[in-house]
*Asks:* 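What follows is a single structure, and I will ask about it in a moment.
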Amino acid sequence: MIAKESKLYSILHGTCPACHEGKVFVSSHSYASIHFTEMHEKCSVCRQAYEPEPGFFQGAMYVSYGITLGVAFAISIVMVLFFNASLWLVMGIITFLMFALLPVIFRSSRMIWLNMFISYKPRLSRN
Ligand SMILES: [Zn+2]
(Lines give C-alpha, C1' and ligand atoms only; values in the text may rest on other atoms or scores of the structure.)
Protein backbone atom coordinates (compact mmCIF):
# COMPACT_ATOMS: atom_id res chain seq x y z
CA MET A 1 0.00 0.00 0.00
CA ILE A 2 1.40 3.32 -1.09
CA ALA A 3 0.64 6.39 1.00
CA LYS A 4 -1.53 8.95 -0.76
CA GLU A 5 0.96 11.70 0.08
CA SER A 6 3.68 9.92 -1.89
CA LYS A 7 4.63 11.05 -5.40
CA LEU A 8 4.74 7.35 -6.28
CA TYR A 9 0.99 7.21 -5.61
CA SER A 10 0.35 9.93 -8.18
CA ILE A 11 2.70 8.33 -10.72
CA LEU A 12 1.29 4.81 -10.41
CA HIS A 13 -2.38 5.86 -10.27
CA GLY A 14 -2.10 8.58 -12.94
CA THR A 15 -3.61 11.17 -10.65
CA CYS A 16 -3.06 14.91 -10.35
CA PRO A 17 0.34 15.70 -8.78
CA ALA A 18 -1.19 18.51 -6.71
CA CYS A 19 -4.20 16.81 -5.10
CA HIS A 20 -3.62 13.11 -6.01
CA GLU A 21 -7.30 12.75 -6.91
CA GLY A 22 -8.15 14.02 -10.40
CA LYS A 23 -7.19 11.84 -13.35
CA VAL A 24 -4.46 13.19 -15.67
CA PHE A 25 -5.20 11.03 -18.73
CA VAL A 26 -8.55 10.74 -20.48
CA SER A 27 -8.47 6.94 -20.89
CA SER A 28 -8.53 4.90 -17.71
CA HIS A 29 -5.35 2.91 -18.33
CA SER A 30 -2.51 2.66 -20.85
CA TYR A 31 -4.10 0.03 -23.10
CA ALA A 32 -7.75 1.13 -22.81
CA SER A 33 -7.73 3.15 -26.01
CA ILE A 34 -5.63 4.01 -29.07
CA HIS A 35 -5.83 7.57 -27.71
CA PHE A 36 -3.68 6.74 -24.69
CA THR A 37 -1.80 10.06 -25.06
CA GLU A 38 -4.82 12.32 -24.48
CA MET A 39 -4.66 14.32 -21.26
CA HIS A 40 -7.10 16.57 -19.48
CA GLU A 41 -6.08 20.25 -19.56
CA LYS A 42 -6.76 20.79 -15.86
CA CYS A 43 -7.49 18.71 -12.80
CA SER A 44 -11.21 18.16 -12.25
CA VAL A 45 -10.75 18.47 -8.47
CA CYS A 46 -8.22 21.28 -7.83
CA ARG A 47 -7.99 22.94 -11.29
CA GLN A 48 -4.20 22.42 -11.48
CA ALA A 49 -3.05 22.92 -15.11
CA TYR A 50 -1.36 19.77 -16.38
CA GLU A 51 0.72 21.66 -18.94
CA PRO A 52 2.00 24.70 -17.00
CA GLU A 53 3.77 26.14 -20.05
CA PRO A 54 3.99 25.35 -23.78
CA GLY A 55 6.48 22.58 -24.50
CA PHE A 56 6.49 21.46 -20.88
CA PHE A 57 6.45 17.77 -21.78
CA GLN A 58 9.54 17.93 -23.99
CA GLY A 59 11.48 17.22 -20.82
CA ALA A 60 9.47 14.04 -20.33
CA MET A 61 11.31 12.67 -23.35
CA TYR A 62 14.47 12.51 -21.24
CA VAL A 63 12.61 10.54 -18.58
CA SER A 64 11.26 8.23 -21.29
CA TYR A 65 14.77 7.82 -22.68
CA GLY A 66 16.07 6.87 -19.24
CA ILE A 67 13.29 4.34 -18.65
CA THR A 68 13.83 2.83 -22.10
CA LEU A 69 17.59 2.54 -21.57
CA GLY A 70 17.08 0.96 -18.14
CA VAL A 71 14.62 -1.63 -19.47
CA ALA A 72 16.82 -2.43 -22.48
CA PHE A 73 19.91 -2.77 -20.30
CA ALA A 74 18.14 -5.03 -17.78
CA ILE A 75 16.73 -7.27 -20.53
CA SER A 76 20.12 -7.48 -22.22
CA ILE A 77 21.85 -8.54 -19.02
CA VAL A 78 19.23 -11.17 -18.17
CA MET A 79 19.09 -12.60 -21.70
CA VAL A 80 22.85 -12.80 -22.16
CA LEU A 81 23.82 -14.01 -18.68
CA PHE A 82 20.98 -16.43 -17.94
CA PHE A 83 19.84 -17.58 -21.39
CA ASN A 84 23.04 -17.15 -23.40
CA ALA A 85 20.96 -15.44 -26.10
CA SER A 86 22.42 -14.12 -29.35
CA LEU A 87 22.70 -10.41 -30.02
CA TRP A 88 19.96 -10.55 -32.69
CA LEU A 89 17.52 -12.30 -30.36
CA VAL A 90 18.19 -9.73 -27.62
CA MET A 91 17.73 -6.86 -30.09
CA GLY A 92 14.49 -8.42 -31.36
CA ILE A 93 13.07 -8.87 -27.89
CA ILE A 94 14.03 -5.33 -26.89
CA THR A 95 12.47 -3.90 -30.06
CA PHE A 96 9.26 -5.87 -29.50
CA LEU A 97 9.06 -4.84 -25.83
CA MET A 98 9.66 -1.17 -26.63
CA PHE A 99 6.67 -1.17 -28.99
CA ALA A 100 4.56 -3.18 -26.55
CA LEU A 101 5.46 -0.95 -23.59
CA LEU A 102 5.12 2.33 -25.50
CA PRO A 103 1.85 3.40 -23.81
CA VAL A 104 3.17 2.53 -20.35
CA ILE A 105 6.51 4.28 -20.83
CA PHE A 106 4.86 7.33 -22.44
CA ARG A 107 2.38 7.81 -19.62
CA SER A 108 4.76 7.00 -16.78
CA SER A 109 7.41 9.41 -18.10
CA ARG A 110 4.83 12.21 -18.27
CA MET A 111 3.63 11.40 -14.75
CA ILE A 112 7.21 11.40 -13.41
CA TRP A 113 7.92 14.70 -15.18
CA LEU A 114 4.75 16.30 -13.78
CA ASN A 115 5.58 15.11 -10.28
CA MET A 116 9.10 16.55 -10.54
CA PHE A 117 7.68 20.07 -10.89
CA ILE A 118 4.30 20.03 -9.14
CA SER A 119 4.24 19.13 -5.46
CA TYR A 120 1.42 17.60 -3.43
CA LYS A 121 -0.84 20.09 -1.65
CA PRO A 122 -3.00 18.09 0.79
CA ARG A 123 -5.50 20.89 1.41
CA LEU A 124 -6.53 20.78 -2.27
CA SER A 125 -7.81 17.20 -1.99
CA ARG A 126 -11.39 16.45 -1.00
CA ASN A 127 -10.50 14.36 2.06
ZN1 LIG B 1 -5.79 18.06 -8.66
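We count ligands from 1, going down the list as the structure has it; atoms in each ligand are counted the same way.
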*Asks:* Which pair of heavy atoms, one from A60 and one from S109, lies closest together, and at what distance?
*Replies:*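 Nearest pair, atom of A60 first, then S109: O-CB, 3.6 Å.
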
*Asks:* Would the distance check show the side chain of S108 and the main-chain N or O of V104 forming a donor-acceptor pair, the cut-off being under 3.5 Å?
*Replies:*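 Here the side-chain-to-backbone pair exists.
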
*Asks:* Give the minimum heavy-atom separation between T68 and M98, together with the two atoms involved.
*Replies:*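 Nearest heavy atoms, T68 then M98: CG2-SD, 3.2 Å.
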
*Asks:* Tell me the closest heavy-atom pair linking I118 and K121, and the distance in Å.
*Replies:*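 Distance-wise, the nearest heavy atoms are CG2-NZ, 4.0 Å.
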
*Asks:* Quick check: are there more than 12 heavy atoms from other residues, nucleotides or ligands sitting under 6.0 Å from CZ of F117?
*Replies:*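 Correct, the count exceeds 12.
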
*Asks:* If you draw a sphere of radius 2.8 Å around the Zn ion (ligand 1), how many protein N/O/S atoms end up strictly inside it?
*Replies:*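 Under the 2.8 Å cut-off, the count stands at 4.
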
*Asks:* Only pairs under 3.5 Å count here: list side-chain donor-acceptor contacts from residues 23-31, not counting sequence neighbours, and write none if there are none.
*Replies:*
unit_1 : atom_1 : unit_2 : atom_2 : d
K23    : NZ     : H13    : O      : 3.0
S27    : OG     : R107   : NH1    : 3.0
H29    : ND1    : Y31    : N      : 3.3
Y31    : OH     : A100   : O      : 2.4

